[in-house]
Amino acid sequence: MTDSQWPVWEVFVQANPGISHKHVGNVHAADAEMAIQNARDVYTRRSEGISIWVVPANNISASSPEDQGAFFEPSNDKPYRHPTFYKIPEGVKYL
Amino acid sequence: MTLQEAKFEYLLRLGDSSLIIGHRLSEWCGHGPILEEDIALINIALDFVGNATSLLTYAGQVESKGRDEDALAFMRGEREYRNLLITEQPNGDYANTIARQFLFDTYMFFLYEELKNSKDETIAAIAVKTHKEITYHLRHTSEWMLRLGDGTAESHERLQNGLNDLWMFTSEMFEMDEVDAFLIKEGIVPDLNKIKANWEKRVFEVLAEATLQIPTTTFKQKGSKEGKHSEHLGFLLAEMQYVHRAYPRAKW
Amino acid sequence: MDDAKQLEAFEAKIASGAKIEPKDWMPEAYRKQLIRMMSQHAHSEIVGMLPEGNWITRAPNLRRKAILLAKVQDEAGHGLYLYSATETLGIDRSELLAQLHTGKAKYSSIFNYPTLTWADIGAIGWLVDGAAIMNQTALARGSYGPYCRAMVRICKEESFHNRQGYEIMMHLAQGTPEQKALAQDALNRWWWPSIMMLGPSDDQSPNSDQLMRWKVKMESNDAIRQRFIDRTVPQADFIGLTIPDKDMKLDEKTGSYTHGPINWDEFFEVIKGNGPCNANRLKARVDADKKGAWVREAATAYAAKRSKEKLVA
């Protein structure tokens, strides 16, 4: 058996109730339970979290840098998706 | 015996056990089987040292002779220490450490669960905080019991050996004397017979799941309540206390 | 795109202040240099646990014991962040560790000095962590995203280390005469190694130009060293300790301290493996790894059994 440092798990921590889990880094662990415990010990030593997700790193698919143009630039010319696009007369409230 | 004396004695038992097992765990620092586990072990050691600090601080207050937590930790000798024998046993290999931690964590888990209801408010408050910590420790060590017990043939054998070696120190955890009797009557501490039943149930369950045998050792060691320890404690204290004792007037 | 064009785009990106991310194109020399630097940095954190770990069981009171435990734990955490950042460059941790254990990879020269007294724990936090922070705050502005993020996190945690070290020294310096002597002795032994650990003088440090342009290196060793000295000397004065350099004096015009000659022979000997503790430190790491092998294997075997059970169920 080749020596192993165990698989990598990506770690997501929710800092406070009501906000999303945010990627904070990763840990090595042999199983999911261990990954959660390791994440707790490594990434929440200073009360940084209230909830932890771990995901095996090899289960994550990512877009690649070459996709950047095709994926993300088409949305640049659609300013009408943002509220600031619309002019509302002064004095109109709750819009 | 007065209430004050009984409480002081009991607080030393709790505080010393945490301090000594925390010391043992801290010896792993930088030498653990993998980086993540190094971090986990230090975390647990840190909880034990914190818990010991609270208990010894309170012990000093109860005693009212001007001894603070450091005086109690660093200026008492082997015969005055009240930690359970199991806590001072050397780390051995990783399986041995896990076995020791698991047996003691399970004990502490059920004990502090009861101490949360202590009529002594300070003890109850310390127990609330400690019980949260120990719940995590127990989860950590129980998982490792399964991984090592049901991992490879080698890990199984090492863990079984560790358990067998430590088993003779387990019954001491449930020994009671006049201090216990006094404090049980006052509603300050629990009857350890109740803890024992819970402890056995949980330990046997985990051992079964980890494919381990319950050790058959029948001879038992005790003595910590009278300050009669194994030879290991003297060396441990010599190391722990030397700087503090070498500079008697110093503040750090 | 051909390599020349890729390189041009890569350099333009760095010049614009953008970060390079793991999947971005990068020159092989950049990748190699980063792996070398980042893993060296990770190894330093892990080996650095040893000289301080030495004193956890002997800390003079419970408060100091808890602080030291927390600090050494942080170092393990920092090592972990750095290995993790290094892994994004396509090399895994077992390979990085193998490089450390076989002596192929280096770690900071400073951890090859012994911690002889409790005061050394103060000196390490104050001087060694102080010097490291100088270096790391610079590196946090570098070009490789994962390294910068690790640096930001590390710097945030490291400032507690630096302060607790100074606090130890302050208590000693203001304590009994024996304690003050301990503090001065620790400063005497750690001062020169601390300013050496920031690396050889600029005239002895090869290929810096390209590394600076690629923002792998952000500042010259000498510049970082000077800033460290200028900040540290007044801190020593404040608590009544003397920097062990008879040639050190304040240049009124620049506000900087000039220092005496650094013994670079000693530095290169330690780097080569001939420092007082090189053999011990490496042996401790190799032993821990060997003794841990069956544990890692057991956890892997157990996880495999469990996932098989799940499939069957």
Side-chain angles (χ1 to χ4, degrees), chain A residues 1-16 20-50 52-73 76, chain C residues 1 6 9-10 13 18-26 69-71 73-74 76-88 91-98 101 145-146 149-150 152-154 156-157 160 289-290 292-307 310:
Chain A
M1 191 177 200
T2 56
D3 187 28
S4 156
Q5 288 281 309
W6 299 330
V8 174
W9 302 67
E10 296 300 332
V11 179
F12 300 80
V13 169
Q14 185 183 29
N16 288 298
S20 2
H21 287 68
K22 191 175 162 235
H23 183 245
V24 292
N26 60 37
V27 291
H28 289 240
D31 55 57
E33 168 65 25
M34 191 200 278
I36 290 177
Q37 292 186 14
N38 290 348
R40 177 257 193 194
D41 289 336
V42 173
Y43 293 104
T44 66
R45 294 200 300 283
R46 290 176 169 79
S47 318
E48 293 98 332
I50 56 158
I52 293 172
W53 291 347
V54 293
V55 183
N58 61 12
N59 281 0
I60 291 183
S61 308
S63 65
S64 54
E66 299 84 67
D67 296 333
Q68 214 170 325
F71 269 46
F72 308 112
E73 279 167 26
N76 291 349
Chain C
M1 247 196 289
Q6 299 260 41
F10 169 83
K13 194 168 178 182
K19 303 287 182 196
I20 303 299
E21 294 297 335
K23 286 186 154 191
D24 291 345
W25 184 91
M26 61 186 80
L69 273 165
K71 176 179 192 281
Q73 186 190 38
D74 273 351
H78 297 172
L80 192 151
Y81 307 153
L82 287 161
Y83 283 125
S84 154
T86 316
E87 285 186 302
T88 63
I91 181 164
D92 60 26
R93 196 164 83 185
S94 29
E95 195 175 340
L96 293 169
L97 289 175
H101 298 152
R149 291 191 283 277
V152 168
R153 191 188 286 271
I154 289 171
K156 221 164 59 184
E157 298 183 348
F160 127 61
D289 187 66
K290 274 191 195 149
W294 68 267
V295 179
R296 299 191 295 273
E297 198 183 310
T300 303
Y302 177 77
K305 278 187 201 173
R306 280 291 154 114
S307 59
K310 257 190 205 162

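Each chain gets a letter, A, B and so on, in the order the sequences are listed, and its residues count up from 1. Predicted, not measured: the structure shown is a model, and the values here were computed from it.
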(request) Pick one of side chain, backbone, both or neither for Arg153(C), based on which atoms fall under 4.5 Å of a heavy atom in chain A. (result) side chain
(message) Please classify the contact of Tyr83(C) with chain A as side chain, backbone, both or neither, using a heavy-atom distance under 4.5 Å.
(response) neither
(message) Please classify the contact of Val11(A) with chain C as side chain, backbone, both or neither, using a heavy-atom distance under 4.5 Å.
(response) neither
(message) Is Ala32(A) close to chain C through its backbone or its side chain, or both, or neither, when contacts mean heavy atoms under 4.5 Å?
(response) neither
(request) For chain A, find which of Ala303(C), Ser84(C), Ala98(C), Pro146(C) contributes the most heavy-atom pairs closer than 4.5 angstrom. (result) Ser84(C)
(message) For the CZ atom of Arg45(A) and the CD atom of Gln73(C), what is their distance to the nearest 0.5 Å?
(response) 5.0 Å
(request) Drop me the distance from Arg149(C)'s CZ to His23(A)'s NE2, to the nearest 0.5 angstrom. (result) 9.0 Å
If every non-hydrogen atom of [X] is compared with every non-hydrogen atom of [Y], which pair is closest and at what distance?
| X | Y | value |
| --- | --- | --- |
| Tyr302(C) | Asp31(A) | CD2-OD2, 4.4 Å |
| Ser4(A) | Thr300(C) | OG-OG1, 4.4 Å |
| Tyr43(A) | Leu80(C) | OH-CD2, 3.9 Å |

In terms of heavy-atom contacts, does [atom1] of [X] have more than 12 from other residues, nucleotides or ligands at under 6.0 Å?
| X | atom1 | value |
| --- | --- | --- |
| Lys22(A) | NZ | no |
| Gln68(A) | CD | no |
| Lys156(C) | NZ | no |

(message) Could you check whether Arg46(A) pairs with Asp74(C) (Lys NZ or Arg NE/NH1/NH2 to Asp/Glu carboxylate O, under 4.0 Å)?
(response) yes
(message) I'd like to know whether His28(A) forms a side chain to side chain contact (heavy atoms under 4.5 Å, CB included) with Glu87(C), so could you lay out the CA-CA distance, the side-chain angles of the two residues, the decisive distance to 0.1 Å, and finally the verdict.
(response) CA-CA 11 Å; His28(A) 289 240; Glu87(C) 285 186 302; 2.9 Å; yes
(message) Does any part of the side chain of Leu97(C), heavy atoms only, come nearer than 4.5 Å to the side chain of Gln5(A), both counted from C-beta?
(response) yes
